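Worksheet: the structure to be examined is printed underneath.
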Amino acid sequence: MTPTNSPQPQKTRAPMSLTSRVMLFVAVAVFVCSVVLGSLLQSAIKEHFAEQDAEELQVVADSVRKILQNSNISSEQLPSALALAVVGHHGVYFQVSANAQTLYHSPGSDLDWLLNQVTPQQAVDAEALSSWQSGEKTFRGTVIQGPAQSKIAVATEIDFHLHFLHHFNDALWLTVAGSVVFTLFAAWLGVRQGLAPLKQFSDNITQVRADRLQLQLDPATSPDELRDLVQAFNQMMARLEHSFQQLANFSADIAHELRTPLTNMITQTQVSLGKDRSSEQYRDLLYSNLEEQERLATMVSDMLWLAKTDHGLIKPAFKPLNLRTELQVVFDFFESWAEDKQLQLQISGDAPALAGDKDMLRRAFSNLLSNPIRHASANSRINAELSYSANSGWTIAISNFGDAIAPAHLACLFDRFYRVDPSRQRQGEGAGLGLAIVKSIVELHGGTIFASSEVAGSEVAISEMASSEVAPAAQAAEQKTKAALVTFVIQIAAN
Amino acid sequence: MRILIVEDELKTGDYLKQGLCEAGFNVTLARNGLDGFHLAMTESFALLILDVMLPDVSGLRIVQSIREAGNMTPVLFLSALDTVDDRVRGLELGADDYLVKPFAFNELLARARTLLRRGASQPAVQRLQISDLVLDLGKRQALRQGKKITLTQKEFALLELLMRREGEVLPRSLIASQIWDMNFDSDTNVIDVAIRRLRGKIDDDFSQKLIHTVRGMGYKIEAPLSDDSN
C-alpha cells in the first residue's frame, strides 16, 4: 500500500493526518464493498452451477424413469436401453435399484452408498444435492423415486465447475486487491490535490513577519470551503496590523516625548557647567530642570495609569452621582481661567443619577475642557449638554467652536500621543495622553466616546467667533473654513 | 517635631531626610522594616513615613503591628504601587495618607504638615492676619489696610487656605484638591490664573506683596521679612 497509509499514532499523541484519515476510511469502505460484492458473486455462481447440475440430473433421471416405465423394453434389453439414456451427457452417472437389487449402474461409478443413505425424492432439488469426493474426482448427486419401488441415484462430475470457481476466485480477489490499491492511490491523489490550496495558504502565511503584516489573501482564488477561513485570516491580519502599527507608533512616540525633555535637561546642564556661574544662574538651571522633570513625572504617571486601566488594575469606586453637579464643579474650577480668556461656559439639560467614580469623571471632564479653553478664540462659548433616555442612557455632549478637525483625525483623537497638529506639541500641553485617559475613564464606566467636527454655517461661525476686528477678506474666508463646531459626545448606556 | 522615615532606597531616604530636616523637622531614618518597626515601637514620633515595599517587613505589616499595639502615631505611606486595592488596604490597616511615587517633595511636605496639624487641636479662629491683610472668617470679609476687598467664594477659600498655612509652600495639586475637590493631576494653569486674579485684588494695589510664587513648587503667603521675595 501507499506509505501514507500507516496511521499509527506513535508516542507523540498528534492527531492522525488528514490524508491518513481519508485513506483509512476509503480503504475500509472499498475493502468491505469488494468483499461483499465478491462473496455475492461467488455464491451466485455456485448456485448457478448447482442449478445447472440439478437440471442435467433431472433430465437424466427423467429419461431413466421413462425407460423404466416403458413396458416394451424387456429386462434383457434394459441395461443397453439405460446405457443410452446418458448419451450426450458427459460425466453423468446413474444407478438404478429396486428392492435393494441393483438393476443397472453406469460404468465407472458406485453409487450404492448414495442409494442407502439418501431418501429418494420426486424431483431433483438444486438445494438438496449432496456432494462427495471419490478418488480424484468430485461428484454431486441425489436419489430420485423411480417407478415401481425403484430408486434412481444420479450423480455428475463437478470438477470442471470447481476448477472454474477456483480460477474465478483467484481473479476476483486479485481484482479486489487491485481496486483497493487503485482507489487508495486515487484517494491519496485527491486528498493531496484537495489540500493543495491549504498548502498554498500556509506557504503564504509563512511570509508574515512583523514588518510584513499587510499580507492579504484573495478569497476569490480560494475554494468555497476555505473562503471563510481566508476572510477570517484577512480580518485577523488587518486587526493585527492596526494594533502593531499603534504599538510601533506608541513606542516611537514615547521615545520622542522622552527625548525632548531629556535633551533640554542635558543641554541646559552641560551649558551651565561649561563655566562658573552665579548661584542665581544655578538656581535657574535647577528650576528649569525641575519643570522638565515634572513634565516627565506627569507623563510617566499618565502612562502608568493607562497601562493599569488596560490591565484592569484600576477599579472605579462607583457611587451614585449627579452628572450636572460634577460638570458644574469642573466648570467652577475652570471658571477663572475661562473668564480670563473671555469664554463662556454653559451647562444645559439634566439627567438622573449615574453610578460613577467622582474623581475619574471630574478628571475626564477636566481633560475634555482644558484643550478648548486653551485654544478657543475669545468670546466664544463652550457648551455642555446633558441628556438621558431609557434607550441610549446618559449622553454628555461638550462642544465648542474651534479649528475644524479633519475626519481622518477624528477617529484617532483618543489614541495615545496622537496630535492633530504635530508641530503644536509642546506649548504647555500635556504629552497627548489627555484624551486617551478620557476614553479609558469612559470605558471603565461602560460608555463610549466619539468626536465630531461640523463646519458651521458662516453666520453662526462668525457670530460665535465674534472677532471684533474687521479681518481682511482672505483671512475671514480662511477663518470661515476652519471654524467648526467640535463636539465630544460621551454615551453611557443605562443598565 | 520628630519624624521617622522607613525607606530602603538609599537616595530617596537621604533626600527625604535632608528635605525634611531643612523644613525644620527632627528626622530619623531607618533603612529597613525591622529597624523601623523597632524605632516606631520604642521611641516617640509625631509622624511615620513608611515605604510600602521594604525588603524585610512590608510597610503594611508595620502599620498593622503598631496599630495593634495601640500606637496611634499618624502614618503616611509612600508607594510605587498605585492600585485602589493597595490604597484601600493601606488606609484600612490604619495609615492616614498615601503618596504614590514619583511624588513631588513639596507635596509630601504639605501632606506631612496636614497630618501633623490633624493631631493638634486647632483653635477656632475668627480672624486671620498677615501684615496688614485681615481675613474675617465670621463675616467672610477680607480687609487690606482697613479697606474692604470683594472676593468671590472660591477666592475667599483660596485666601483662607493660604493664610491658615502661612509661610508654607502649597503645591498646585494641593490647592486644586482643597479648594475645588479636584483630586488628580490637572495639568492646567487654572491655579495660576486663580492666584493671579487673587493677587490682582490683594497685592496689585499695594507695594508690599504678600502672595509669593515659589518657582517649581507652588504658592505661599507670607509677610515679607527681607527683600528677596520672588
Side-chain angles (χ1 to χ4, degrees), chain A residues 280 283-284 286-302 304-305 307-309 311-317 326 329-341 357-367 369-371 373-374 428-431 433-434 437 441, chain B residues 15 79-89 91 99-108 151-158 169 171-173 175-201 213-218 228 230:
Chain A
E280 191 58 39
R283 191 173 304 160
D284 274 348
L286 286 176
Y287 279 136
S288 176
N289 277 352
L290 180 61
E291 279 158 17
E292 299 293 343
Q293 286 150 4
E294 277 177 347
R295 208 200 311 258
L296 284 174
T298 306
M299 192 167 78
V300 169
S301 324
D302 285 354
L304 208 60
W305 194 90
K308 279 177 188 156
T309 51
H311 292 96
L313 292 173
I314 291 187
K315 291 172 197 102
E326 296 310 315
V329 167
V330 178
F331 273 35
D332 286 348
F333 179 59
F334 283 109
E335 193 184 12
S336 53
W337 193 22
E339 271 176 29
D340 224 44
K341 300 204 74 175
D357 183 304
K358 183 191 76 177
D359 285 337
M360 280 194 189
L361 286 175
R362 285 183 183 180
R363 184 177 192 177
F365 295 152
S366 147
N367 285 0
L369 283 171
S370 66
N371 255 325
I373 295 179
R374 188 173 283 119
E429 294 173 47
L433 292 171
I437 289 176
I441 290 174
Chain B
Y15 278 111
S79 171
L81 303 168
D82 179 26
T83 63
V84 175
D85 284 352
D86 283 334
R87 205 177 283 241
V88 168
R89 225 177 115 217
L91 297 178
L99 261 181
V100 179
K101 293 175 182 175
F103 52 82
F105 178 74
N106 54 336
E107 179 84 31
L108 172 74
L151 295 176
T152 65
Q153 212 182 335
K154 291 292 180 197
E155 284 166 349
F156 190 89
L158 178 56
V169 183
R172 289 173 180 79
S173 55
I175 296 176
S177 159
Q178 295 274 315
I179 306 296
W180 285 279
D181 198 12
M182 295 295 199
N183 304 307
F184 50 88
D185 264 349
S186 48
D187 72 325
T188 59
N189 41 7
V190 173
I191 308 299
D192 299 323
V193 175
I195 293 278
R196 194 167 71 232
R197 290 161 75 92
L198 184 62
R199 268 185 175 149
K201 294 180 176 178
T213 308
V214 183
R215 201 174 155 194
M217 292 178 62
D228 67 349
N230 194 346

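Atom set for the values below is all heavy atoms of this structure, side chains included, hydrogens, waters and symmetry mates excluded. Quick caveat: nothing in here was measured; it's all calculated off a predicted structure. Proteins get letters first, then strands, A, B, ... in listed order; numbering begins at 1 in each.
A pairwise comparison of heavy atoms in B:Val190 and A:Ser336 identifies O-OG, 4.2 Å as the closest pair. Nearest heavy-atom pair, A:Val330 versus B:Met182, reported as atom, atom and distance to 0.1 Å: CA-CE, 3.5 Å.
Each of A:Phe334, A:Phe333, A:Phe331 was compared with B:Trp180 under the ring pair (Phe, Tyr, Trp, His ring centres under 6.0 Å) criterion, and only A:Phe333 meets it.
With a 4.5 Å cut-off on non-hydrogen atoms, A:Val300 does not touch chain B at all.
B:Asn106 is linked by a side-chain contact (heavy atoms from CB on, under 4.5 Å) to B:Ala104, B:Pro171, B:Met217, counting only residues two or more places apart in sequence or in another chain.
Expressed to the nearest 0.5 Å, how far CD1 of A:Ile441 lies from CZ of B:Phe184 amounts to 8.0 Å.
Side-chain contact between B:Ile191 and A:Trp337 is absent, with no heavy atoms from C-beta onward closer than 4.5 Å. No side-chain heavy atom of A:Glu335 sits under 4.5 Å from any side-chain heavy atom of B:Thr152.
Most heavy-atom pairs under 4.5 Å with chain B, from the set A:Ile373, A:Asp284, A:Leu286: that is A:Asp284.
A donor-acceptor pair under 3.5 Å is formed between the side chain of A:Arg362 and the backbone N or O of B:Asp181.
Using a cutoff of 4.0 Å between basic side-chain nitrogens and carboxylate oxygens, A:Glu339 and B:Arg197 are scored as salt-bridged.
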